[in-house]
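Input: a single structure, listed below in structure tokens.
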2 protein chains.
Amino acid sequence: MPSEDIFGSDRKYRMTHQRQLILEEIRRVNTHPTADELYEMVRKRLPRISMGTVYRNLEVLSTSGVIQKIGRESSQMRFDGNTKNHYHIRCTHCGKVEDAPIESAENLGHGIRDASDYTIIGHRLEFIGICPVCRKKGDLSHKKA
Amino acid sequence: MPSEDIFGSDRKYRMTHQRQLILEEIRRVNTHPTADELYEMVRKRLPRISMGTVYRNLEVLSTSGVIQKIGRESSQMRFDGNTKNHYHIRCTHCGKVEDAPIESAENLGHGIRDASDYTIIGHRLEFIGICPVCRKKGDLSHKKA
DNA sequence: CTAGGTGCAAATCATTTGCCGGGGC
DNA sequence: GCCCCGGCAAATGATTTGCACCTAG
């Protein structure tokens, strides 16, 4: 596969060799690898690549929308004294988490129970948005939590 | 509030003073605090408490189902070369993440758009279950990723 | 007496960043 | 020349753990 033109008009980034290899590996598998798994995968083809490069490129690729991040919405765990099933809504700007004003839907899992070979225990649904405070402030500063 | 009998028949754990204070604070607010926010909150009432104690008790309380963890399904970020909207399913035992065989539902956000004062950007839905491999193995070893 | 609990400090783990030399345009 | 880049190692930040003592049952 030749070096792809994934950045299109965005001339900010170039498709470098390291970046290309990381992208190839991530596309080759469907295991949703972690950064260090990718590091090991790419290292087989480019032994001197460093973790820093892997992380930096994963950041560039996901920011550019070429790949997607899964999990870890924020760096810190949060805790909730309410153990009833309910959903949350998280502000992309300030990182605040509030309860979502919507009922928990048990039936969300129904469709997948037939389609999947997993034993379904439950589901987590989280809405992503901008809270009124940040919207009002026009707060475009980088997310904190 | 007197020391609660939250552990019921589970005599493994006692309701200690620190544990009680942590629980009171977490229940007092609806901000879904992080561990260090709770540490600061509890420290106002018990200045010599340590972060280690806070983390240990949050673990006990959430394991016992008295409180709930939000966010951070796993310690590591995962990456996906498929940027189409799709959901994932995560195995509680081995931590593996696969694509969920179910369509992404745009309308999930509809109800909340009216009910919430957030500007809704999107949602994340993740199913939790046990993968066939772990089920077959009867693998009850602790989750890895 | 035993097992759980605590404060404290050190360790761990994932991720980020500073430095610095190198190459593309 | 300017800016992106990559390797390397050091720094950071959240969380976990080892240790020594303490206390309830």
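So that the names make sense, note that chain A is the first sequence line, chain B the second, and so on, each numbered from 1. Since the structure is predicted, the reported quantities are computational estimates derived from the model, not experimental observations. Below, all heavy atoms of this structure are taken into account, side chains as well, without hydrogens, waters or symmetry copies.
Linking ILVMFWY residues whenever their side-chain heavy atoms come closer than 4.5 Å, directly or via other members, leaves B/Val60 and B/Ile70 in distinct clusters. Cluster membership check: B/Ile128 does not share its hydrophobic cluster with B/Ile130, using side-chain heavy-atom separations under 4.5 Å among Ile, Leu, Val, Met, Phe, Trp and Tyr.
Here the side chain of B/Glu37 pairs a donor or acceptor atom with the backbone of B/Thr34 at under 3.5 angstrom. With hydrogens and angles disregarded, no donor-acceptor distance shorter than 3.5 Å links the side chain of A/Arg27 to the backbone of B/Asn82.
The CD atom of A/Glu59 sits 13 Å away from the P atom of D/dC5 (whole-angstrom rounding). Distance, A/Tyr39 OH to D/dG6 C1': 13 Å, rounded to whole Å. If you take OH of A/Tyr55 and P of D/dG13, they are 16 Å apart, rounded to a whole angstrom. In this structure, A/Arg14 atom CZ and D/dC5 atom P are separated by 5 Å, rounded to whole Å. Atom pair B/Glu73:CD and D/dT15:P shows a separation of 14 Å (rounding to whole Å applied). Put simply, CD on B/Gln76 is 14 Å from C1' on D/dA14, counting in whole angstrom units.
For DNA chain C, the span of nucleotides reached by chain B at under 4.0 Å from its heavy atoms goes, 5' to 3', from C/dG4 to C/dT15.
Residue contacts shown for B/Gln18 are limited to sugar-phosphate atoms, with no base heavy atom under 4.0 Å away.
Residues A/Tyr87, A/Ile89, A/Ile102, A/Leu108, A/Ile112, A/Tyr118, A/Ile120, A/Phe127, B/Tyr87, B/Ile89, B/Ile102, B/Leu108, B/Ile112, B/Tyr118, B/Ile120, B/Leu125, B/Phe127 make up the rest of the hydrophobic cluster containing A/Leu125, defined by ILVMFWY side-chain heavy atoms closer than 4.5 Å, directly or through other members.
Listed pair A/Asn57 / D/dG6 meets the phosphate criterion, a side-chain N or O lying under 4.0 Å from OP1 or OP2. In terms of phosphate contacts, A/Thr16 brings a side-chain nitrogen or oxygen within less than 4.0 Å of OP1 or OP2 of D/dG6. Put simply, A/Arg56 has no side-chain N or O that comes within less than 4.0 Å of OP1 or OP2 on D/dG7.
Side-chain atoms of A/Arg19 and base atoms of D/dG6 include no donor and acceptor less than 3.5 Å apart.
Listed by residue number, A/Arg48, A/Ile49, A/Ser50, A/Thr53 are the residues of residues 41-54 of chain A with a heavy-atom contact under 4.0 Å to DNA chain D.
Listed here is the closest heavy atom pair of B/Ser62 and B/Lys69: OG-CE, 3.4 Å. In terms of heavy atoms, A/Cys131 sits closest to A/Lys96 at SG-NZ, 3.4 Å.
Heavy-atom nearest nucleotides on DNA chain C were determined for B/Val60 and for B/Phe79, and the one closer to the 5' end corresponds to B/Val60.
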